[in-house]
Protein chains: 2
Amino acid sequence: MISDLLPGAGAGTRPARGVPDATVARLPLYHEALGRLFDGHVEVVSSTALAEAAGVSPSQLRKDLSCLGTYGTRGVGYDVTRLQRQIATHIGAASEWPVVIVGVGHLGTALANYAGFAARGFRVVALVDPSPALVGTTVTGLVVTDLTELEAVVRNAGAVIAVVATPADAAQAVTDRLVYQGVTSILNFASTALVVPEGVNVRKVDLGQELAILAFHEQRKIEEIAHP
Amino acid sequence: MISDLLPGAGAGTRPARGVPDATVARLPLYHEALGRLFDGHVEVVSSTALAEAAGVSPSQLRKDLSCLGTYGTRGVGYDVTRLQRQIATHIGAASEWPVVIVGVGHLGTALANYAGFAARGFRVVALVDPSPALVGTTVTGLVVTDLTELEAVVRNAGAVIAVVATPADAAQAVTDRLVYQGVTSILNFASTALVVPEGVNVRKVDLGQELAILAFHEQRKIEEIAHP
DNA sequence: ATGTGTGAAGAGCTTCACAGCA
DNA sequence: TGCTGTGAAGCTCTTCACACAT
């Protein structure tokens, strides 16, 4: 969550350098919203329309897009096709990213089956798990590989992005091995703060935590009713 | 993600009012870290130690805890048991929250099985899905209920927290029905921005988006090597 | 001495308002 | 006239430094 600091190194001549982290987090949103609008045969879209589709404010959208050095046409709007390609390039969705998933429990299986990955240019190339009951079985057309072969799998796939969906106590060890093999981006579903060297990005998704945050707000609502 | 604004209504006399949103997001982290330390029979913990376990800076931890009106002992540290109870109360983990999951695909199933929920005081009380193939089957000891009975299920359970794990095009309709039945907190896994009335909190977890953000950073690393 | 609690400084993100271009 | 692009204001969160309790 905090994970990536990325100082931002004073704006260079080229765009794309020094894009705020918050903006990066929204780019996929815009990319997807554009996909929806494109199906409707829209060729030009205003910041207002696209912002609504993405669920953000128009000014925020404009500021975000301006960071990419994107040129809309003043008085008209943005060319959907061109903008979509722009974002796709920056986002890295233009190329195909091989992804390795470690941990094939319920969550790992769900992720392997998740259609949203393929739609965004990710290809799950390997599933890794230590359980003898799972190794060798097929999940979504992929044979589950034993954890001992993790290094070989990552190397062969040339993967730099990995998903850690193991129990919390195994997560750090797996991460260390992934990083050692050249993985520099990790999506962490284990409820532990992973320690990684500089230059490696970790994004943590803690489902229990998300619910806990909601519960906190509920708790507050209750208290507010009790003591107005 | 942006979802909750919650103005923060000028600090009241009691604590717990006007807790920054960012702090709320970290409380579950601390709660869990405390759980780990408590197993090790630690009775007092310093901000430095707890901060490291939670993966944040010591000053941030202190500031966060001070928001709760928590009193550690100067020169000593925080009493683990007391602090854990404090956070649990604020977080709402003290009570048990019934949760309804709508959409029993791979993801919904994974969530139903997710141990982290129970550990944090959530109890999945119902699984709802429209598919005739699923309705009536048992998942994790729960019988899947038909989508047409959504209203009854929510009412009977008295649930105010729900998880939407449906395809994107069904998400809004389901949400409307949930909100109408009194649900005020929604964890959204569908890749759509849900529209909800004031007072309803939505947290969005978009797995594809998380990966996309990582890919962006990877893309940037590549470009940095190409143009130093 | 040691480590919490906290005001103040600093950084980052969002919103606003309007200049500038089609 | 209409909508983008952007400097500046405003706000929230984070970090720093140090007073203060034990």
Side-chain angles (χ1 to χ4, degrees), chain A residues 1-11 15 17-27 29-30 34 42-80 82-83 86-87 213, chain B residues 1-11 15 17-27 29-30 34 42-80 82-83 86-87 213:
Chain A
M1 234 116 232
I2 322 300
S3 42
D4 16 45
L5 260 291
L6 321 172
R17 205 64 72 82
V19 180
D21 233 27
T23 298
V24 173
R26 280 186 298 266
L27 287 181
L29 222 73
Y30 303 149
L34 281 171
V42 186
E43 299 207 335
V44 161
V45 65
S46 72
S47 64
T48 319
L50 183 54
E52 187 171 4
V56 303
S57 75
S59 45
Q60 186 160 75
L61 176 80
R62 289 204 298 277
K63 179 127 272 185
D64 283 345
L65 294 186
S66 77
C67 284
L68 297 185
T70 304
Y71 312 117
T73 320
R74 299 194 179 201
V76 181
Y78 298 93
D79 176 30
V80 172
R82 189 173 151 203
L83 182 56
Q86 275 261 17
I87 297 179
I213 294 169
Chain B
M1 234 113 231
I2 323 299
S3 43
D4 17 46
L5 261 289
L6 322 173
R17 205 65 70 83
V19 180
D21 234 28
T23 298
V24 173
R26 281 186 297 267
L27 287 181
L29 222 74
Y30 303 150
L34 281 171
V42 186
E43 299 206 337
V44 161
V45 65
S46 71
S47 64
T48 319
L50 183 53
E52 186 172 4
V56 303
S57 75
S59 45
Q60 187 161 73
L61 175 81
R62 288 203 300 275
K63 180 128 271 183
D64 284 344
L65 294 186
S66 77
C67 285
L68 297 184
T70 303
Y71 311 118
T73 320
R74 301 196 178 198
V76 181
Y78 298 93
D79 176 31
V80 172
R82 188 174 151 202
L83 182 56
Q86 276 262 17
I87 296 179
I213 294 169

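A note on names: the letters A, B, ... follow the listed sequences, proteins ahead of strands, and every chain is numbered from 1.
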State, yes or no, whether a side-chain contact exists between B:Leu50 and B:Leu34 at a heavy-atom distance under 4.5 Å. yes
Applying side-chain contact (heavy atoms from CB on, under 4.5 Å), name anything that partners B:Ala25, two or more places apart in sequence or on another chain. A:Ile213
Taking every non-hydrogen atom, the tightest pair across A:Leu65 and A:Tyr30: CD2-CD1, 4.3 Å
Please tabulate the protein-to-nucleotide N/O contacts below 3.5 Å involving nucleotides 7-9 of chain C, giving atom names and distances.
residue: C:dG7; atom: N7; partner: B:Lys63; partner atom: NZ; Å: 3.4
residue: C:dG7; atom: O6; partner: B:Lys63; partner atom: NZ; Å: 3.3
residue: C:dA8; atom: N6; partner: B:Lys63; partner atom: NZ; Å: 3.4

Taking only side-chain N and O atoms of B:Tyr71, does any of them lie within less than 4.0 angstrom of OP1 or OP2 on C:dG3? no
Which residues share a side-chain hydrogen bond (donor to acceptor under 3.5 Å, both in side chains) with B:Ser47, sequence neighbours left out: B:Arg62
Please state how far atom CG in A:Asp64 lies from atom C1' in D:dT6, giving the value in whole angstrom units. 13 Å
Taking OP1 and OP2 of C:dC18, is either one under 4.0 Å from a side-chain nitrogen or oxygen of A:Arg62? no
Would A:Glu52 and A:Thr48 count as a side-chain contact (heavy atoms from CB on, under 4.5 Å) if you check the C-alpha gap in whole Å, the side-chain angles of each, and the deciding distance to 0.1 Å? CA-CA 6 Å; A:Glu52 187 171 4; A:Thr48 319; 5.8 Å; no
Please report, rounded to the nearest Å, how far the P atom of C:dG3 is from the CG atom of B:Leu61. 14 Å
Using atom CG of B:Leu65 as one end and atom P of C:dT4 as the other, report the distance to the nearest whole Å. 9 Å
Among the nucleotides C:dT14, D:dC13, C:dG5, which one has an atom lying closest to any side-chain atom of B:Pro20? D:dC13
Measure across A:Tyr78 and A:Leu83 and return the closest heavy-atom pair with its distance rounded to 0.1 Å. CB-CD2, 3.8 Å
Does D:dT15 have OP1 or OP2 sitting under 4.0 Å from an N or O in the side chain of B:Gln60? yes
For nucleotides 20-22 of chain D, which of its nitrogen or oxygen atoms have a protein nitrogen or oxygen under 3.5 Å away, and what is each distance?
residue: D:dC20; atom: O2; partner: B:Arg74; partner atom: NH1; Å: 3.1

Measuring to OP1 and OP2 of C:dT15, would you say a side-chain N or O of A:Ser57 lies under 4.0 angstrom away? yes
Just how far, in rounded Å, is C1' of D:dT12 from CZ of B:Arg26? 12 Å
CG of A:Leu27 to CD1 of A:Ile87, rounded to nearest 0.5 Å, is 6.0 Å
The side-chain contact (heavy atoms from CB on, under 4.5 Å) partners of A:Arg74 (sequence neighbours excluded) come to none
Over how many whole Å does the gap from A:Asp21 atom CG to C:dA11 atom P extend? 17 Å
What are the two closest heavy atoms between A:Arg26 and A:Val56, and how far apart are they? CD-CG1, 3.9 Å
Excluding sequence neighbours, so at least two apart, what forms side-chain contact (heavy atoms from CB on, under 4.5 Å) with B:Val44? B:Val76
Who passes side-chain hydrogen bond (donor to acceptor under 3.5 Å, both in side chains) against A:Ser46, sequence neighbours left out? none
In degrees, rounded to 10°, what is the bend between the two ends of the helix from C:dA1-D:dT22 to C:dA22-D:dT1, using five pairs at each? 0°
